[in-house]
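A, B, ... follow the sequence lines: proteins, then strands. Residue 1 opens every chain.
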There are 2 protein chains.
Amino acid sequence: MVSLAVAPPLADELAVIQVFSATEADSIVAHPVPVLELDFGGVIGDRHHGISRPADSRQTRFYPRGTLIRNRRQLSLVSTEELAEVARRLDVPEVRAEWLGANLLVEGMPALSTLPPGARLLFSGGVGLVCEGVNQPCRLPAQVLQAQFPGSSAQAQFVRAAFGRRGVVATVERPGLIRPHDRATIVPPELHTAFS
Amino acid sequence: MVSLAVAPPLADELAVIQVFSATEADSIVAHPVPVLELDFGGVIGDRHHGISRPADSRQTRFYPRGTLIRNRRQLSLVSTEELAEVARRLDVPEVRAEWLGANLLVEGMPALSTLPPGARLLFSGGVGLVCEGVNQPCRLPAQVLQAQFPGSSAQAQFVRAAFGRRGVVATVERPGLIRPHDRATIVPPELHTAFS
């Protein structure tokens with residue numbers, strides 16, 4: 001193997017602020033846990049855990065609803081910076097990661113949602129995640145937010161306010177444990193350019 | 001779920017010319033088969049089949065060699081257009097897909113190797129693949145080529161000639177069968193742009 005990749009240098013770092021698991025099958029809301037234990041299906045015990053899952057409304061352009069597809073939505077990540085901006089736009093005191101069903105709240109990459117598919121996150125504890133793409137804002141967190149702030153217009157405004165700021169979903173490349181205060185290196189996808 | 005994705009339209013199409021399986025553990029060379037049978041581990045019977053695999057020399061920047069990681073190299077795809085260009089640059093009559101251990105020879109997307117990670121290939125038979133990135137040229141096909149064309153300088157020149165033209169690797173999103181003459185729609189990754 002000869003490495004001639006146009007390899008971007010190991011880039012930014014981010015910090016894990018808090019980790020969460022969503023264990024109730026009928027609720028999006030997650031709860032803080034001391035550690036995430038990951039295997040090739042994602043977060044063990046989380047409602048999104050699995051190698052495969054049925055296609056949902058996000059994939060109707062590609063697969064009939066209910067078709068068994070690879071689970072590319074094992075974990076979801078949000079950033080303190082983007083959640084603060086969503087809260088500001090909604091004019092509410094805070095938007096907590098657990099209300100959105102996130103597994104990881106991170107800090108240090110303000111535009112987390114721009115992370116491209118194929119980017120790696122290499123955690124200090126040894127875990128490797130691969131970004132599978134943006135997390136599409138849906139109405140479920142909007143309802144949770146509205147219940148938290150009954151006088152707000154969060155329910156009506158959430159999808160628009162969170163669009164492009166909702167974080168990303170990821171899969172496990174290398175299993176292990178993720179804890180608060182872990183750090184992660186961000187590695188952009190490798191791209192090749194043909195020599196002329 | 002509200003779909004506000006900045007969704008690129010369903011884009012180009014490509015044609016499956018031939019399909020291959022590499023069944024010998026100690027050889028990169030594949031052989032033509034009438035059909036590829038895919039599950040969530042890739043091509044059943046192929047040497048690259050599996051949900052996980054040991055990290056190799058391509059991942060030494062990220063993981064210790066031998067670490068069990070998710071198998072993102074389930075299938076490899078090459079295009080007739082890029083192989084013709086590699087042959088032209090090597091001044092050899094042809095470069096066959098099976099010599100490179102490819103599983104799919106496709107036609108209709110000349111710059112197949114520019115397909116970004118996260119792009120979907122939706123096949124007419126129902127299979128869905130996800131591009132995991134470029135295939136890094138290594139020295140093994142160079143040796144196969146040199147054996148085919150002893151008078152050439154293929155061994156010395158292959159990596160440079162094939163760089164950026166070596167096709168892509170992919171994983172199975174929706175299992176099923178792929179046959180020659182199937183067609184596939186190319187769907188770019190979804191990207192979101194925050195509203196201002």
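Closest of all the heavy-atom pairs between B/P117 and A/P189 is CG-CB, 4.0 Å. Across all their heavy atoms, A/R174 and B/L68 have their closest contact at CG-O, 4.2 Å. When all heavy atoms of B/R70 and A/V130 are compared, the pair lying nearest together is NH2-CB, 4.3 Å. Between A/F40 and B/I69 the shortest heavy-atom distance is CE2-C, 3.5 Å.
Looking at A/E132, the atoms closer than 4.5 Å to chain B (heavy atoms on both sides) all sit in the side chain, from C-beta outward. Neither the backbone nor the side chain of B/P116 comes within less than 4.5 Å of any heavy atom in chain A. Heavy atoms closer than 4.5 Å to chain B are found nowhere in A/R166, neither backbone nor side chain. Contact of A/P141 with chain B is not made at all, since no heavy-atom distance falls under 4.5 Å. Using a 4.5 Å cut-off between heavy atoms, A/I51 contacts chain B through its side chain alone, with no backbone atom that close.
Side-chain atoms of A/R120 and B/Q59, non-hydrogen and from C-beta on, do get closer than 4.5 Å to each other. At least one side-chain heavy atom of A/E173 sits under 4.5 Å from a side-chain heavy atom of B/Y63.
The number of heavy atoms from other shown groups lying within 6.0 Å of CD (B/Q155) is above 12. Enclosure of atom CG in A/D39 by more than 12 non-hydrogen atoms of other residues, nucleotides or ligands within 6.0 angstrom is indicated. No more than 12 heavy atoms of other residues, nucleotides or ligands lie within 6.0 Å of CZ in A/R179, so this atom counts as exposed by the packing criterion. Environment of CD in A/E37: sparse, with no more than 12 heavy atoms of neighbouring residues, nucleotides or ligands closer than 6.0 Å.
At a threshold of 4.5 Å between side-chain heavy atoms, the hydrophobic network of Ile, Leu, Val, Met, Phe, Trp and Tyr places B/V127 and B/L112 in one connected group. When the side chains of ILVMFWY residues are joined at heavy-atom separations under 4.5 Å, either directly or via intervening members, B/L177 and B/F123 end up in two distinct hydrophobic clusters. A/V169 and A/L75 are members of different hydrophobic clusters when ILVMFWY side chains are connected at heavy-atom separations under 4.5 Å. Residues A/F149 and A/V144 share a single hydrophobic cluster, defined by chaining ILVMFWY side chains whose heavy atoms lie under 4.5 Å apart.
Between chain B and the residues A/A119, A/G126, A/G128, the largest count of heavy-atom pairs under 4.5 Å involves A/G128.
For the atom pair CZ (A/R61) and CG (B/L122), the distance works out to 9.5 Å, reported to the nearest 0.5 Å.
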Enumerate, atom names and distances included, each donor-acceptor pair closer than 3.5 Å involving a side-chain atom of residues 22-35 of chain A, sequence neighbours excluded.
{"unit_1": "A/S27", "atom_1": "OG", "unit_2": "A/V29", "atom_2": "N", "d": "3.1"}
{"unit_1": "A/H31", "atom_1": "ND1", "unit_2": "A/S21", "atom_2": "O", "d": "3.1"}

